[in-house]
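For ligands, and for the atoms within them, numbers begin at 1 and follow the listed sequence.
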Amino acid sequence: MTPKQKLYIARHLAKLGIDIIEAGFPASNKADLENVKLIAHEVGNTVVDSDGHIPVICGLARCNKNDIDKAWEALKYAKFPRIHIFIATSEIHMKYKLKMSKEEVIEKARTMVAYARSLGCIDVQFSPEDAGRSEREFLYEILAEAIQEGATTLCIPDTVGYNWPREFGQLIADIRANTPGVENVIISTHCHNDLGMATANTLEGAYSGARQVEVTINGIGERAGNASLEEVEKYSGMLVQPHKAIVGANAFAHESGIHELGYDFEGKELNDLFWRFKSVAEMKKVITNDDLMALVSN
Ligand SMILES: CC(C)C(=O)C(=O)O
């Protein structure tokens with residue numbers, strides 16, 4: 001997407017009343033840094049929803065100083081900036097990706113949350129990446145350390161879309177029950193859709209006490225995507241399947257008879273007429289639109 005398109009979408013999200021817009025990953029490339037800066041500046045100060053809210057503008061950062069500096073460079077123009085720091089906590093990610101011990105991972109999380117706060121960012125979100133496959137006791141420990149250092153939101157990602165709804169709900173409930181200091185922060189969900197469960201997991205997370213849910217426009221995201229904020233397709237360049245809920249072309253179109261029975265036509269109930277036909281198509285073979293209008297107006 002061009003910066004203009006990103007800005008357009010961010011503006012509309014703000015107008016819709018979205019509380020937090022994660023606008024990009026400033027350290028990933030110069031263009032993203034500039035995009036986040038633009039959105040922080042233009043949307044994070046002036047655009048309000050019908051309740052008069054200005055959204056939080058958030059930027060993603062790995063658990064290192066360079067990423068956090070870049071995020072802050074872009075976000076500091078927003079009225080409500082947030083840095084979202086993440087580091088992996090599952091056995092497999094720590095061993096093969098990070099090549100770090102648990103102790104090293106905790107230390108990194110602690111020092112980098114503290115570093116983000118030291119820059120003047122009072123809103124810091126921390127994510128234990130691959131939480132869905134992380135050992136519970138370790139999660140409680142690292143989350144507690146992040147809270148201690150000033151994290152304000154804990155995002156719990158099912159990074160590889162591996163959890164089932166009940167499991168994910170239980171994970172959120174367990175974190176709420178066992179993490180020291182959790183009552184002072186907001187828990188968020190971040191669910192991927194590899195098993196088609198992102199929305200169900202997100203809802204289970206919310207039932208279990210998560211008060212923030214992370215979603216993407218039309219569910220676009222890595223691999224099978226994320227939980228979806230049903231939205232626009234024009235700028236994403238990804239065609240929406242016609243049978244997709246809410247935004248698909250078919251979502252509000254219906255042609256088979258039985259469900260049409262209760263529909264109004266020009267404000268009048270046509271139950272009496274429609275029940276005789278198997279479908280609207282069948283009916284139209286016998287009755288023309290003009291006939292229909294005449295019947296309705298009579
Ligand atoms: C950055 C984190 C939250 C993420 O995208 C994931 O773990 O899926």
Point to revise | Per-atom contacts of ligand 1 with Glu129, taking only distances under 4.0 Å to non-hydrogen atoms | key: 7 (O)
Study note, to complete from the structure: atom 7 (O) of ligand 1: closest protein heavy atom, distance to 0.1 Å, is Thr159 OG1, 2.5 Å
Study note, to complete from the structure: ligand 1 atoms nearer than 4.0 angstrom to some heavy atom of Phe86 are 1 (C)
Check your understanding: Would you say the side-chain atoms of Glu149 pair up with the backbone N or O of Ala146, donor to acceptor, closer than 3.5 Å?
Key -> no
**Study point:** Residue and atom name of the nearest protein heavy atom (relative to atom 8 (O) of ligand 1), distance in Å to one decimal
**Key:** His192 NE2, 3.0 Å
Point to revise | Sole candidate of Leu139, Asn163, Ile172 that passes side-chain contact (heavy atoms from CB on, under 4.5 Å) when paired with Ile156 | key: Ile172
Check your understanding: For Phe126, which of Thr153, Ile147, Ile142 qualifies under side-chain contact (heavy atoms from CB on, under 4.5 Å)?
Key -> Ile142
Review point. Any chain of hydrophobic side-chain contacts (each under 4.5 Å) joining Leu75 to Leu7?
Key: yes
Review point. Going by the angle between their ring planes, with limits at 30° and 60°, are Phe25 and Phe86 parallel, tilted or perpendicular?
Key: perpendicular
Practice item. Would you tell me whether Asn218 and Ser228 have side-chain atoms, one donor and one acceptor, within less than 3.5 Å of each other? Key: no
**Study point:** Numbered atoms and elements of ligand 1 in range of His84, under 4.0 angstrom, heavy atoms
**Key:** 3 (C)
Practice item. Note the single closest protein heavy atom to atom 5 (O) of ligand 1, along with its residue, its atom name and the distance in Å. Key: His190 NE2, 3.1 Å
Practice item. May I ask you to list the atoms of ligand 1 that are less than 4.0 angstrom from any heavy atom of Ser127? Key: 3 (C)
